[in-house]
Structure formats: structure tokens, C-alpha cells
Amino acid sequence: MAEFILRAAEEQDLPAIRSLIHQVGINPLGLHWRRFVVAVDETGALLGCGQIKPHGKGIFELASIAVQPARRRGGIARAIIERLLEDAPRPLFLICRSGLGPFYAKWGFRALDPEEMPSYFRRLARLSALMPALARRGETLLVMKLDSQPPPPNTGRI
């Protein structure tokens with residue numbers, strides 16, 4: 001499989017970012033290209049993306065982590081996450097399906113109980129109970145938090 005290049009997103013990447021986010025079915029709100037890191041192939045085609053999304057009052061979210069389905073399990077998501085974590089403020093939150101909790105735990109993220117969540121994330125967690133796609137898979141939304149500098153990730157892949 002061909003290698004990939006990580007770089008800061010450029011304005012012309014936004015349509016491809018939006019398309020990938022829609023394709024993988026994650027939150028399409030707050031997609032500001034200036035916050036994104038993208039992975040591209042040698043032709044410049046978007047393979048994956050991710051961002052650090054601010055929510056005000058010192059609350060930041062690792063968000064919009066997406067990889068083209070045909071390119072998954074090739075280290076793209078891991079590379080994007082590691083690049084974003086290099087300079088990300090702490091604490092840092094994320095929202096994922098519960099089945100991805102062990103993947104993010106590799107970087108030191110821990111699952112939160114509702115009383116530990118900022119109100120924005122608590123509202124989303126409550127709304128997740130109304131998401132039939134998650135229920136069909138037997139999953140819920142998981143809110144996780146990274147308080148400090150993460151440990152080096154385990155090189156094993158999920």
C-alpha cells in the first residue's frame with residue numbers, strides 16, 4: 001500500500017474533508033479547514049483527516065478523525081492523532097462510539113462518567129440514546145478525556 005503525507009489542511013481541502021466526514025457518518029458540524037491535519041496520497045487525494053475543535057471556556061475536542069474505508073488499518077488515523085496531540089491543549093476531550101474506546105485509551109484517554117463531562121458533551125451523551133444506528137450495533141457514544149501528555153501509543157492496531 002502506498003505511503004501518505006501528513007500536512008496542515010488548505011482551503012481547497014474543505015470539500016474533500018466534508019465529503020469524507022459525510023461518507024463515514026460522523027458529526028458534520030464545525031468543519032473549519034484551518035484546524036485540520038490531513039493525510040494525502042502522492043497525487044494529493046485526501047485519505048484521512050482530523051482536527052482539534054474548540055468549544056469555548058478552555059474546552060477542546062479531538063474531532064473529525066476519519067479515514068477512507070479502503071485505506072483503514074494502515075496507520076493513517078494513528079498518524080493524524082499523534083500529529084494533532086503534539087500541540088493540543090489539555091484537558092482534551094473526544095466523542096466516539098463505545099467500541100473505539102480501547103483505541104483512544106492507547107494515548108491515555110479515559111472514559112468519563114456523565115457528572116465529569118462538560119455540559120456540551122453531557123448533552124450529546126444523552127442524545128446518543130436516541131441514535132438508532134448506535135443501538136443497532138449495541139453501542140453508545142463514549143466521552144473521553146486526556147488530562148496530560150499522552151504515553152507513546154502501543155504499535156498494535158485495532
Side-chain angles (χ1 to χ4, degrees), residues 1-109 112 117-125 127-128 130-134 136-137 139-146 150 153 157-158:
M1 193 169 287
E3 292 294 312
F4 56 89
I5 300 162
L6 284 183
R7 63 170 172 76
E10 300 168 355
E11 188 171 7
Q12 63 265 24
D13 295 319
L14 188 54
I17 290 169
R18 283 185 176 143
S19 177
L20 178 57
I21 296 300
H22 177 73
Q23 179 184 359
V24 301
I26 58 177
N27 184 356
L29 302 176
L31 305 179
H32 298 288
W33 66 268
R34 286 183 177 94
R35 298 191 298 245
F36 273 84
V37 167
V38 295
V40 297
D41 68 13
E42 61 279 354
T43 69
L46 184 79
L47 303 176
C49 63
Q51 69 170 320
I52 300 294
K53 186 189 303 186
H55 290 285
K57 297 181 184 176
I59 298 172
F60 296 89
E61 177 187 4
L62 177 67
S64 310
I65 306 299
V67 175
Q68 293 286 348
R71 294 299 300 264
R72 291 183 181 157
R73 304 185 69 77
I76 294 171
R78 183 184 74 245
I80 290 169
I81 292 166
E82 289 174 3
R83 173 73 60 87
L84 288 167
L85 290 179
E86 286 174 4
D87 300 316
R90 305 294 193 271
L92 184 63
F93 297 87
L94 68 81
I95 302 168
C96 64
R97 3 182 223 96
S98 53
L100 290 173
F103 176 74
Y104 289 107
K106 293 176 190 179
W107 287 279
F109 282 92
L112 297 178
M117 298 175 193
S119 60
Y120 169 81
F121 296 101
R122 195 170 33 253
R123 284 191 305 272
L124 284 179
L127 287 173
S128 73
L130 304 174
M131 296 179 181
L134 286 173
R136 281 193 299 274
R137 291 190 297 230
E139 292 194 278
T140 60
L141 278 185
L142 187 62
V143 177
M144 301 183 82
K145 180 180 179 184
L146 177 64
R157 295 190 181 120
I158 291 182

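Worth saying up front: this structure is predicted, and the values here are computed from it rather than measured.
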(message) Using the rule side-chain contact (heavy atoms from CB on, under 4.5 Å), only one of L142, V143, I26 pairs with C96; which is it?
(response)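 Output: one option passes, namely L142.
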Could you measure the distance from the [atom1] atom of [X] to the [atom2] atom of [Y]? Nearest 0.5 Å is fine.
X	Y	atom1	atom2	answer
I52	E86	CD1	CD	11.0 Å
Q23	Q68	CD	CD	5.0 Å
L100	L141	CG	CG	10.5 Å

Do you know which two heavy atoms are closest between [X] and [Y], and how far apart they sit?
X	Y	value
A66	L20	O-CD2, 3.6 Å
G48	I80	C-CD1, 3.5 Å
A77	I65	CB-CG2, 4.2 Å
N27	I21	O-CG2, 3.6 Å
I17	A9	CD1-CB, 4.2 Å
M144	G101	CE-O, 3.6 Å

(message) Can you confirm whether more than 12 heavy atoms, excluding those of E11, are under 6.0 Å from its CD atom?
(response)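 Atom CD in E11 is not crowded, with 12 or fewer foreign heavy atoms closer than 6.0 Å.
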Does any part of the side chain of [Y], heavy atoms only, come nearer than 4.5 Å to the side chain of [X], both counted from C-beta?
X	Y	value
L47	V40	no
F103	I81	yes
L94	F109	yes

(request) Can you sort out the partners of A79 under side chain to side chain contact (heavy atoms under 4.5 Å, CB included), two or more places apart, ordered by chain and number? (result)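 With sequence neighbours excluded, A79 shows a side chain to side chain contact (heavy atoms under 4.5 Å, CB included) to F4, L6, given in chain and number order.
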(request) Output all residues satisfying side chain to side chain contact (heavy atoms under 4.5 Å, CB included) with R35, sequence neighbours left out; order by chain, then residue number. (result)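 Partners of R35 under the side chain to side chain contact (heavy atoms under 4.5 Å, CB included) test: H32, Q51, K53, P54.
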(message) Tell me whether R90 contacts the main-chain N or O of A88 through its side chain, where contact means a donor paired with an acceptor under 3.5 Å.
(response)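 Looks like yes, one N/O pair under 3.5 Å.
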(message) Run the side chain to side chain donor-acceptor pair (under 3.5 Å) test against T43 and tell me which residues pass, sequence neighbours left out.
(response)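 Listed in chain order: D41.
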(request) Only counting residues at least two apart or in another chain, list the ones meeting side chain to side chain donor-acceptor pair (under 3.5 Å) with E61. (result)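 E61 satisfies side chain to side chain donor-acceptor pair (under 3.5 Å) with H55 once adjacent residues are dropped.
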(request) Go through the steps to decide whether L146 and L85 satisfy the test side-chain contact (heavy atoms from CB on, under 4.5 Å), and finish with yes or no. (result) CA-CA 10 Å; L146 177 64; L85 290 179; 4.0 Å; yes
(request) Name the orientation class of the two ring planes belonging to Y104 and W107 (parallel below 30°, tilted from 30 to 60°, perpendicular beyond 60°). (result)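 Tilted, since the angle between the ring planes falls between 30° and 60°.
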(message) According to ring-ring contact (aromatic ring centres under 6.0 Å, His included), who are the partners of F93, at least two apart in sequence or on a separate chain?
(response)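 By the ring-ring contact (aromatic ring centres under 6.0 Å, His included) rule, F93 matches F121.
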(request) Sort and list the pairs that fulfil salt bridge (charged side-chain N to carboxylate O under 4.0 Å, His left out) and have at least one residue in residues 12-22, not counting sequence neighbours. (result)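 Every salt bridge (charged side-chain N to carboxylate O under 4.0 Å, His left out) pair that includes a residue of residues 12-22, provided the two are not neighbours, is R7-D13.
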